Amino acid sequence: MFSKSKINEPGTPAAAGASTDAPKPASSPAAPAPAASPAGDFKSSAPKAKPPASQLSTDLHITGNLKTSGDIQIEGTVDGDIRAHLLTVGEGATVNGECMADDVVVNGRIVGTVRGLKVRLTSTARVEGDIIHKTIAIESGAHFEGSVQRQDDPLNTASKPLPKA
């Protein structure tokens with residue numbers, strides 16, 4: 001079997017000696033080893049794999065603020081402010097507080113201010129508060145009480161507050 005693999009290997013018949021071929025396969029794996037080092041460097045320069053969204057289940061009631069640089073999906077109740085990259089409020093969820101994210105998708109209920117670059121209220125959404133956005137989409141059937149204000153940078157809390165009616 002060892003001699004058959006040598007026959008199948010590309011090379012000259014003079015390279016039939018075991019001591020001559022053994023370093024060649026050893027050097028071939030050594031070549032990928034230095035390539036593994038740049039791959040290690042590649043991992044550090046490449047963006048990290050996106051973790052799955054954190055999900056708060058329907059039976060969970062949180063009192064306090066939530067802050068993450070990742071995505072979060074709320075299915076339960078949160079009494080506090082939420083900061084995230086992508087915030088999804090589930091159909092049966094309730095948030096009492098300010099919601100701030102790059103993308104906000106509301107299927108459930110929010111009582112408080114919503115700030116987002118992209119805000120989407122689905123047909124089951126119920127928002128009682130102000131919405132500060134860059135872009136907004138409100139589906140037919142969504143319930144909304146409050147004011148809407150477009151800003152180029154809605155996530156900047158130092159921007160001027162909404163005028164009170």
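Because the structure is a prediction, the values reported are computed rather than measured.
- Counting heavy atoms from C-beta outward, Arg120 and Val106 have side chains that stay 4.5 Å or more apart.
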Table please: side-chain donor-acceptor pairs of residues 91-98 below 3.5 Å, with sequence neighbours left out.
unit_1	atom_1	unit_2	atom_2	d
Asn96	ND2	Asp79	OD1	2.7
Glu98	OE1	Arg83	NH2	3.1
Glu98	OE2	Arg115	NE	3.1

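- In this structure a side-chain-to-backbone donor-acceptor pair under 3.5 Å is present from Asp130 to Ser147.
- The side-chain heavy atoms of Ile132 and Val114, taken from C-beta on, include no pair separated by under 4.5 Å.
- Minimum heavy-atom separation, His85 to Ser69: CB-O, 3.3 Å.
- Considering every non-hydrogen atom in both Gly116 and Pro154, the closest pair reads O-CG, 3.3 Å.
- By the side chain to side chain donor-acceptor pair (under 3.5 Å) test, Ser57 is found to be paired with Asp59, residues two or more places apart in sequence or in another chain being considered.
- Between Leu155 and Leu117 the shortest side-chain heavy-atom distance falls below 4.5 Å.
- Between Leu87 and Ile74 there is a side-chain heavy-atom pair separated by less than 4.5 Å.
- In this structure, the separation between CZ on Phe144 and CD1 on Ile131 is 4.0 Å, given to the nearest 0.5 Å.
- Looking at Leu86 and Asp102, their side chains never come closer than 4.5 Å, going by heavy atoms from C-beta outward.
- In this view, Asp152 and Arg150 satisfy the salt bridge (charged side-chain N to carboxylate O under 4.0 Å, His left out) rule, not counting sequence neighbours.
- To the nearest 0.5 Å, atom CE of residue Met100 and atom CD1 of residue Ile82 are 11.5 Å apart.
- Taking OG1 of Thr135 as the reference point, atom NE2 of His133 lies at 8.0 Å (rounded to 0.5 Å).
- For Gly70 against Ala84, the heavy-atom pair with the smallest separation is O-CB, 3.6 Å.
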Carefully, step by step, assess Val89 and Ile110 under the rule side chain to side chain contact (heavy atoms under 4.5 Å, CB included). CA-CA 8 Å; Val89 179; Ile110 295 178; 3.9 Å; yes
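- Not counting sequence neighbours, the partners of Gln73 by the side chain to side chain donor-acceptor pair (under 3.5 Å) test are Glu75.
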Output, in order, the C-alpha distance, side-chain angles, deciding distance and verdict of side chain to side chain contact (heavy atoms under 4.5 Å, CB included) for His143 and Arg109. CA-CA 9 Å; His143 176 84; Arg109 182 171 188 233; over 6 Å; no
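- Every residue two or more places apart in sequence or in another chain that forms a side chain to side chain donor-acceptor pair (under 3.5 Å) with Thr124 is listed here: Thr122.
- Counting only heavy atoms from C-beta outward, the side chains of Leu56 and Val78 approach each other to under 4.5 Å.
- For the pair Leu66/Ile72, a side-chain contact is recorded, criterion being any heavy-atom separation below 4.5 Å from C-beta on.
- Partners of Lys118 under the salt bridge (charged side-chain N to carboxylate O under 4.0 Å, His left out) rule, at least two apart in sequence or in another chain, are Asp103.
- A single hydrophobic cluster is not seen to contain both Val119 and Val111; linkage of ILVMFWY side chains at heavy-atom distances under 4.5 Å, directly or through other members, places them apart.
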